[in-house]
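First the structure, then my questions, so here it is.
The figures here come from the full heavy-atom set of this structure, side chains too, leaving out hydrogens, waters and symmetry mates. Residue numbers start from 1 in every chain, and the chains themselves are labelled A, B, ... in the order their sequence lines are given, proteins ahead of strands.
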Amino acid sequence: MPELPEVQTVVNDLIAAQLIGQTIVTADVHWNKTIAPLKPKEFRTKIANQTITHIWRRGKYIILDFQSDWHLLIHLRMSGQLQLVPQTHERSKHEHVVLLLNDGRDLRFHDTRKFGRMILTQNPTNILNELGPEPLDQNFTRNQFRTMLKSRNRRLKPLLLDQTFIAGLGNIYADEALWEAKLHPLQIAAKVSPRKAVNLYYAIRKVLERSIVNRGTSLGSGKSNFASAGQRRGENVVNLQVFQRTEQACPRCQTKIRRIIVGQRSTHLCPKCQKL
DNA sequence: GTCTATGTTTGCGG
DNA sequence: TCCGCAAACATAGA
């Protein structure tokens with residue numbers, strides 16, 4: 001269930017696997033909601049003969065730009081995976097959309113829980129402009145982040161998960177960043193001191209950058225856990241300090257890590273390091 | 001059978 | 001308008 005580092009890893013792998021320059025011959029759609037609002041027939045007609053010119057990421061979206069003015073936005077949601085395999089490769093029941101490429105490979109969208117989306121559009125900015133700033137963008141400054149926090153009367157955890165506030169954070173890295181910055185998930189954003197706000201800014205960048213270096217976080221051993229385009233798992237789980245470490249010792253002070261529910265989401269914190 | 005899940009949207013109600 | 005909450009989407013694994 002990918003967040004920014006996992007999505008970036010998929011993008012990097014697709015580029016490394018020479019997806020740029022490929023032309024889509026046709027598409028097989030087995031679950032219509034994945035490509036909504038288009039119907040399979042329109043989707044197939046419009047995506048046929050499109051040549052991929054760029055592959056990039058914005059928030060948790062993977063974007064394929066085509067030689068025309070069309071774009072394919074891919075959101076993996078909870079269980080989506082992209083697989084680049086030879087067309088002869090046996091199909092599995094969770095491959096809901098298959099794009100057939102002109103070099104004999106398929107780009108397959110594997111998604112057990114069916115929450116993922118492929119949006120074929122001429123106006124990607126309609127969707128992408130709704131997103132908050134990119135945390136790793138050079139133009140995203142600590143002063144900007146401090147100002148953003150000041151005007152919000154929301155609790156930090158749900159705010160960090162809000163993609164219109166800041167793009168790309170999910171449950172793992174929100175918990176990890178708050179621990180790194182020694183901030184309580186229930187703290188109101190507007191009441192965070194300027195100093196702590198800057199700490200949080202750097203904490204967010206640190207946990208995301210470190211995870212990208214490690215090709216993202218894959219948890220457990222289940223099939224729907226994160227794996228990149230080459231079916232390869234991420235190695236970042238070794239860097240998690242609080243996430244899914246309930247009852248284990250805080251790496252900083254040895255206090256037992258607690259799990260609470262915030263905004264319907266499981267939340268992990270050190271009650272000693274992260275005071276309200 | 002129960003509970004949990006790395007995400008997002010919708011429809012309330014305060 | 002801002003904010004929080006519950007439910008929905010659909011499936012697998014413990």
Could you measure between the two P atoms, the one in B:dC3 and the one in C:dA6, and give it in whole Å?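 Going atom to atom, P in each nucleotide, I get 16 Å.
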On the nucleotide C:dC9, are OP1 or OP2 found under 4.0 Å from the side-chain N or O atoms that A:Lys33 carries?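 No, A:Lys33 has no side-chain N/O under 4.0 Å of OP1/OP2 on C:dC9.
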Ion pair A:Glu134/A:Arg57, N-O distance below 4.0 Å: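 The answer is yes: the pair qualifies as a salt bridge.
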Which pair of heavy atoms, one from A:Ala197 and one from A:Val192, lies closest together, and at what distance?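 Between these two residues, the closest heavy atoms are N-CG1, 3.5 Å.
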Distance criterion of 3.5 Å, no angle test: do you see the side chain of A:Arg113 paired donor-to-acceptor with the base of C:dA12?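 Checked by distance alone, the answer is no.
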Any idea which of B:dT8, C:dA10, C:dA12 is nearest the A:Trp31 side chain?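 From the listed options, C:dA10 comes nearest.
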Verify whether one side chain among A:Gln22 and A:Thr51 offers a donor that lies under 3.5 Å from an acceptor in the other.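 Looking only at side-chain atoms, A:Thr51 and A:Gln22 do not form any donor-acceptor pair under 3.5 Å.
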Check every atom of B:dG7, C:dA10, C:dA6 against the side chain of A:Arg265 and return the nucleotide holding the closest atom.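 So the nucleotide nearest the side chain must be B:dG7.
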Under 4.0 Å, heavy atoms only, any strand: does A:Phe243 hit a base, just the sugar-phosphate, or nothing?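 Result for A:Phe243 = sugar-phosphate.
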What's the closest nucleotide to the A:Lys114 side chain, out of B:dG7, C:dT11, C:dA12?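 For the A:Lys114 side chain, the nearest candidate turns out to be C:dT11.
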Output the residues of residues 154-170 of chain A in contact with DNA chain B, where contact means a heavy atom of the residue under 4.0 Å from an atom of the strand; sort by number or write none.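 Nucleic-acid contacts, sorted: A:Gln163, A:Gly170.
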Out of C:dA10, B:dT8, B:dA5, which nucleotide sits closest to the side chain of A:Ser266?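 Selected nucleotide (nearest to the side chain): B:dA5.
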Evaluate the salt bridge (Lys or Arg N to Asp or Glu O under 4.0 Å) criterion for residues A:Arg91 and A:Asp28: first the C-alpha distance (whole Å), next the side-chain angles of each, then the deciding distance (0.1 Å), finally the verdict. CA-CA 11 Å; A:Arg91 299 261 183 112; A:Asp28 291 339; 2.9 Å; yes
Report which part of the nucleic acid A:Arg152 touches: base, sugar-phosphate, or nothing (heavy-atom distance under 4.0 Å, all strands).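 Answer is sugar-phosphate: A:Arg152 comes under 4.0 Å of backbone atoms only.
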For A:His94 and C:dA10, is the shortest distance between a side-chain N/O and OP1 or OP2 below 4.0 Å?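 It does not, given that no N or O in the side chain of A:His94 lies less than 4.0 Å from OP1 or OP2 of C:dA10.
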Ignoring backbone atoms, test whether A:Lys93 places a side-chain nitrogen or oxygen under 4.0 Å from the OP1 or OP2 oxygen of C:dT11.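 No, because none of the side-chain N or O atoms of A:Lys93 sits under 4.0 Å from OP1 or OP2 of C:dT11.
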I need the A:Leu4 CG to A:Leu136 CG distance, nearest 0.5 Å.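 Output value for this atom pair is 5.5 Å.
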Select one nucleotide: of B:dT8, C:dA10, C:dA12, the one nearest the side-chain heavy atoms of A:Phe115.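 Closest of the options to the side chain of A:Phe115: C:dA10.
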Out of C:dA12, B:dA5, B:dT9, whichever nucleotide has its closest atom nearest the side chain of A:Thr112: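 From the listed options, C:dA12 comes nearest.
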Out of C:dA12, B:dG7, B:dA5, whichever nucleotide has its closest atom nearest the side chain of A:Arg259: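 Shortest atom-to-atom distance from the side chain points to B:dA5.
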With side-chain contact (heavy atoms from CB on, under 4.5 Å) as the test, pick out the partner of A:Leu82 among A:Asp13, A:Leu14, A:Val11.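 Result: among A:Asp13, A:Leu14, A:Val11, A:Leu14 is the only option passing the side-chain contact (heavy atoms from CB on, under 4.5 Å) with A:Leu82.
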Whole-Å gap separating P (C:dA10) and CE (A:Met78):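 Atom-to-atom, A:Met78 to C:dA10, this comes out as 14 Å.
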Read 5' to 3' with Watson-Crick or G-U pairs under 3.5 Å, [ ] for crossing pairs and | for partners on another strand, DNA chain B gives .||||.||||||||
Set out, in order, the CA-CA distance, both residues' side-chain angles and the distance that settles ring pair (Phe, Tyr, Trp, His ring centres under 6.0 Å) for A:His96 and A:Phe109, then state yes or no. CA-CA 6 Å; A:His96 305 307; A:Phe109 193 41; 7.7 Å; no
Between A:Trp179 and A:Arg245, is there a cation-pi geometry (under 6.0 Å to ring centre, at most 45° from the normal)?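 No; the conditions do not both hold, so A:Arg245 does not lie above the ring face of A:Trp179.
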For atom CD of A:Glu130 and atom C1' of B:dT9, their distance in whole Å: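 In whole Å, B:dT9 C1' and A:Glu130 CD are 13 Å from each other.
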